Amino acid sequence: MEFFKDRRTHVTITVCLLSFCLLYVFLAPYIGFTPLFSLPYQPCTLSKTCNVTNNKDALEAALSEASMENKSVVIAIVNKAYVEGDKPMLDLFLDSFWLGEDTRKLVDHLLLVAVDETSFERCKFLRLHCYRLQMDDGVDSNGEKVYMSDSFIKMMWRRTLFLGEVLKRDYSFVFTDTDVMWLRNPFPMLSQNERIDLQISTDNFNGNEWSKDNPINTGFYFIRSNNKTISLFDAWYAMKNNSVGLKEQDVLLNMMHEGVFKELGLTVRFLDTNYFSGFCKDSEDFKAVRTVHANCCRTISAKLTDLMAVIHDWERFKRASTNETYSGCLETL
């Protein structure tokens, strides 16, 4: 009997000690003591590469981290072909923000959307705001997508679907291709009038910023999130299966000419190539130009060659404070 009594006493003491230790570990932080040991805790802070925080999904987390105070972001999409090589397109794109006037701060609001693991890892290495976009089955997201190839068209439609989702989350955005050089902050030349739903670049500006005869280019545009623009993207993507052989830009242009913009009540402003320039129609005034787009140029190698020339011209212009124009890459077409 004495044996069982001693055993119960030992068990009681052991349980008391364990209870005390557990209370000490969990209550010490709240009563001002530093515990001798603690359970591991590693919070997911709002860093540029944290995908999910505080019950937000990955896209919402990425958008909120990159967003300006007015819920606007700058979005670019990349794949493996744009991040590899001696001088990748992504590096040249980022160089323009570094060398441009009043553009460095805009990188803080750039969301880079990667469609494959290579480009996603590169984005994280550069410590940018990154989001990994899953592609549809049957879409090869890795290599260069030759202009108007089947893979190119499929990727453009996947891009349209994704950007429509961003609008539905109440974020306005500037979409930019990575073959657009940001030589100056474009926002002062983008109207802040909230009644303007879409401001879109053109291949050849006809002189009237409200004319629907301007040939649009979806490589650079600023769009506000509202019911009208969400309906536009829904209607646009719904045309995918009925537009075989057409890229998404051609479909949007047809919708505009067929009166869809008017039916939706959209107010659209078409951007002057004097400020939002490209190889199709270069700016006549280097003192005014904001962006330069390698449109009318089909391959990445051709774009890189001529965009590097643009950057060199820009650096010379800044040093000499003289006006220089660029002829584009017409010889590559």
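The structure displayed is predicted, hence computed values, not measured ones.
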Determine, step by step, whether V289 and Y275 satisfy the side-chain contact (heavy atoms from CB on, under 4.5 Å) criterion, reporting the C-alpha distance in whole Å, the side-chain angles of both residues, the deciding distance to 0.1 Å, and the verdict.
CA-CA 4 Å; V289 68; Y275 305 102; over 6 Å; no

Evaluate the side-chain contact (heavy atoms from CB on, under 4.5 Å) criterion for residues L307 and F279: first the C-alpha distance (whole Å), next the side-chain angles of each, then the deciding distance (0.1 Å), finally the verdict.
CA-CA 10 Å; L307 287 175; F279 293 169; 3.8 Å; yes

Intermediate values then yes/no, side-chain contact (heavy atoms from CB on, under 4.5 Å), L271 and N214:
CA-CA 9 Å; L271 300 176; N214 282 295; over 6 Å; no

Is there a salt bridge (charged side-chain N to carboxylate O under 4.0 Å, His left out) between K318 and E101 once you walk through the steps?
CA-CA 10 Å; K318 288 175 67 178; E101 293 180 1; over 6 Å; no

List the steps, then state whether side-chain contact (heavy atoms from CB on, under 4.5 Å) holds for T160 with W236.
CA-CA 8 Å; T160 303; W236 187 9; 3.7 Å; yes

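Using a 4.5 Å heavy-atom cutoff, the side chains of I75 and T176 are not in contact. Counting only heavy atoms from C-beta outward, the side chains of K71 and D170 approach each other to under 4.5 Å. Side-chain contact between T267 and F261: absent, with no pair of heavy atoms (C-beta onward) separated by less than 4.5 Å. F270 places a side-chain heavy atom less than 4.5 Å from the side chain of I200. Using a 4.5 Å heavy-atom threshold, the side chains of D313 and F286 count as touching.
In this structure, a donor-acceptor pair under 3.5 Å is absent between the side chains of S283 and D285. With no hydrogens or angles considered, no side-chain donor-acceptor pair links Y131 and E65 at under 3.5 Å.
When atom types are taken as modelled, the side chain of N295 and the backbone of C280 share a donor-acceptor pair closer than 3.5 angstrom. Remark: the backbone N or O of R224 is paired with a side-chain donor or acceptor of T229 at under 3.5 angstrom. Checking side-chain atoms of Q249 against main-chain N and O of T218 turns up a donor-acceptor pair under 3.5 Å. Remark: the backbone N or O of L167 is paired with a side-chain donor or acceptor of S225 at under 3.5 angstrom. Using a distance-only test at 3.5 Å, with no hydrogens or angles considered, no donor-acceptor pair links the side chain of S211 to the main chain of N208. R158 places no side-chain N or O within 3.5 Å of a backbone atom of I153 that could act as its donor or acceptor partner. Side-chain atoms of N217 do not come within 3.5 Å of backbone N or O of S201 as any donor-acceptor pair. Without hydrogens or angle criteria, H129 side chain to L110 main chain gives no donor-acceptor distance under 3.5 Å. Although no hydrogens or angles enter the test, the distance criterion places no donor-acceptor pair under 3.5 Å between the side chain of S277 and the main chain of V292.
Ionic pairing of D57 and R169 is present here: one or more N-O contacts between side-chain nitrogen and carboxylate oxygen are shorter than 4.0 angstrom. Of the charged side-chain nitrogens involved, at least one lies within less than 4.0 Å of a carboxylate oxygen, so that K303 and D179 count as a salt-bridged pair. Of the charged side-chain nitrogens involved, at least one lies within less than 4.0 Å of a carboxylate oxygen, so that K105 and D102 count as a salt-bridged pair. Note on R132 versus E117: salt bridge recorded, some NZ/NE/NH1/NH2 to OD/OE distance being below 4.0 Å. Between R319 and E315 there is no salt bridge, since no side-chain nitrogen of the basic residue lies less than 4.0 Å from a carboxylate oxygen of the acidic one. With respect to K124 and E121, a salt bridge is recorded, a charged nitrogen being found less than 4.0 Å from a carboxylate O. Salt bridge present: K228 and D197 bring a charged side-chain N and a carboxylate O closer than 4.0 Å. Between D203 and K281, none of the side-chain N atoms (NZ, or NE/NH1/NH2) sits under 4.0 Å from a carboxylate O, so this pair counts as no salt bridge.
Heavy atoms only, all atoms of each residue included: V180 and S96 are closest at O-OG, 4.4 Å. Contact record, T103 with R184: CG2-C, 3.4 Å, taken as the closest heavy-atom pair. Taking every heavy atom of both residues into account, E60 and Y171 meet most closely at OE2-OH, 3.0 Å.
Applying the side chain to side chain donor-acceptor pair (under 3.5 Å) criterion to W314, with sequence neighbours excluded, gives no partner residue. Every ring pair (Phe, Tyr, Trp, His ring centres under 6.0 Å) that F175 has, sequence neighbours left out, goes to Y221.
Atom NZ of K240 is separated from atom CG of L246 by 14.0 Å, given to the nearest 0.5 angstrom. Atom NE2 of residue H293 and atom CE of residue M181 lie 9.0 Å apart, to the nearest 0.5 angstrom. Note that OH of Y237 is 13.5 Å distant from CE of M239, once rounded to the nearest 0.5 Å. Note that CG of N79 is 9.5 Å distant from CD of E84, once rounded to the nearest 0.5 Å. The structure places CG of D177 at 10.5 Å from CZ of F220, a figure rounded to the nearest 0.5 Å.
Listed by first and then second residue, the salt bridge (Lys or Arg N to Asp or Glu O under 4.0 Å) pairs that reach into residues 85-100 are K87-D95, D91-R122, sequence neighbours excluded.
With a 6.0 Å cutoff to the six-membered ring centre and a 45° limit on the axis angle, R290 does not count as a cation-pi contact of W182.
Between L112 and the choices I77, L90, V74, V107, the side-chain contact (heavy atoms from CB on, under 4.5 Å) rule is met once, by L90.
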